[in-house]
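Here's the structure, in structure tokens; my notes come after.
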Amino acid sequence: MGFYVRNSTPNPIYVAVGYYDSDCSPTTYAKSGWYRITPGRRALVVTGSAANRTFYVYGHDSFGNEWSGYAYTYVPSTAFTMCWIESCSGCRRVGFDSVVVGNSENYTLELVDSTQGASNSRNTRVSKKRTPKFKLGKFSIKKLPGKLGELGKDRKPLYGKRK
């Protein structure tokens with residue numbers, strides 16, 4: 001059981017994910033990354049049931065493709081697990097896209113690039129072109145999946161405009 005991300009592009013992608021964590025407050029979400037997903041592969045990024053949860057996903061590759069949204073937070077260029085509102089030195093602000101999961105115990109989000117065309121599927125995200133702002137180093141890859149918090153009050157990240 002869990003939340004998976006599938007790389008349906010011809011390039012390796014790097015993914016960060018936001019998920020419910022009751023240990024974080026006042027926003028009960030944590031963020032974790034970077035998961036390197038090779039082309040054609042699927043990776044488990046959050047363990048536990050995905051049913052009726054909201055996840056946040058940000059991804060990019062080395063060729064200017066980006067999967068993002070409007071839930072902004074700060075992320076470092078190295079592997080991390082931290083609360084959603086936590087900031088850090090040397091971090092940059094990125095927008096995560098929200099993914100609302102229905103009643104599926106397992107959920108797979110498929111990431112495709114813009115040359116593959118848009119999809120009407122609710123579990124597919126198409127990339128946008130971006131300008132690279134930082135590079136990942138050899139200690140940037142996260143190998144263990146994140147955790148899914150216990151049930152409790154669910155305070156989602158705030159949406160806002162990019163500064």
Approximate separation, where rounding is to 0.5 Å, of Glu66 CD and His60 NE2: 8.5 Å
Residue pair Tyr74 / Cys91: nearest heavy atoms and the distance that separates them: CB-CB, 4.0 Å
Closest heavy-atom pair and its distance - Ser62, Tyr14: OG-CE1, 4.4 Å
Trp67/Asp61 under side chain to side chain contact (heavy atoms under 4.5 Å, CB included): CA gap, chis, key distance, verdict: CA-CA 9 Å; Trp67 295 265; Asp61 66 14; 4.3 Å; yes
Heavy-atom closest contact (Pro10 atom, Asp113 atom, distance): CD-OD2, 3.4 Å
Partner set under side chain to side chain donor-acceptor pair (under 3.5 Å) for Glu105, not counting sequence neighbours: Ser49
Value rounded to 0.5 Å, distance of CZ in Phe96 from OG1 in Thr73: 6.5 Å
From CG (Asn52) to OG (Ser104), nearest 0.5 Å: 9.0 Å
Ala50 to Phe3 - nearest heavy-atom pair and separation: CB-N, 4.4 Å
Residue pair Thr9 / Asn7, side-chain donor-acceptor N/O under 3.5 Å: yes
Note, Ser22 side chain near Thr28 side chain (heavy atom, < 4.5 Å): no
Pairwise side-chain contact, Trp34 with Val75, heavy-atom cut-off 4.5 Å (strictly under): yes
Side chain to side chain, Asn106 and Tyr4, heavy atoms closer than 4.5 Å: yes
Spacing of CG belonging to Leu44 relative to CD1 belonging to Ile37, to within rounding of 0.5 Å: 10.0 Å
Within residues 3-62 or reaching into it, pairs that qualify as disulfide bond (SG atoms under 2.5 Å apart) - sequence neighbours excluded: Cys24-Cys83
Flag side-chain contact, heavy atom, 4.5 Å: Thr54 against Val99: no
Aromatic ring pairing Tyr72/Tyr70, orientation class (parallel under 30°, perpendicular over 60°, tilted between): perpendicular
Main-chain N/O of Glu86 paired to Lys31 side chain as donor or acceptor, under 3.5 Å: yes
Heavy-atom closest pair, residues Cys88 and Met82: SG-CE, 4.4 Å
Centroid-centroid distance, Phe55 to Tyr19, less than 6.0 Å: no
Considering all heavy atoms, the nearest Val45-Tyr35 contact: O-OH, 3.6 Å
Close side-chain approach of Val5 and Leu111, heavy atoms under 4.5 Å: yes
From Ser25 atom OG to Ile85 atom CD1, the distance as rounded to the nearest 0.5 Å: 7.0 Å
Inter-residue atom distance Ser87.OG - Arg93.CZ, 0.5 Å rounding: 10.5 Å
Min side-chain heavy-atom separation Asp97-Tyr56 under 4.5 Å: no
Arg42: partners by side chain to side chain donor-acceptor pair (under 3.5 Å), with sequence neighbours left out: Thr108
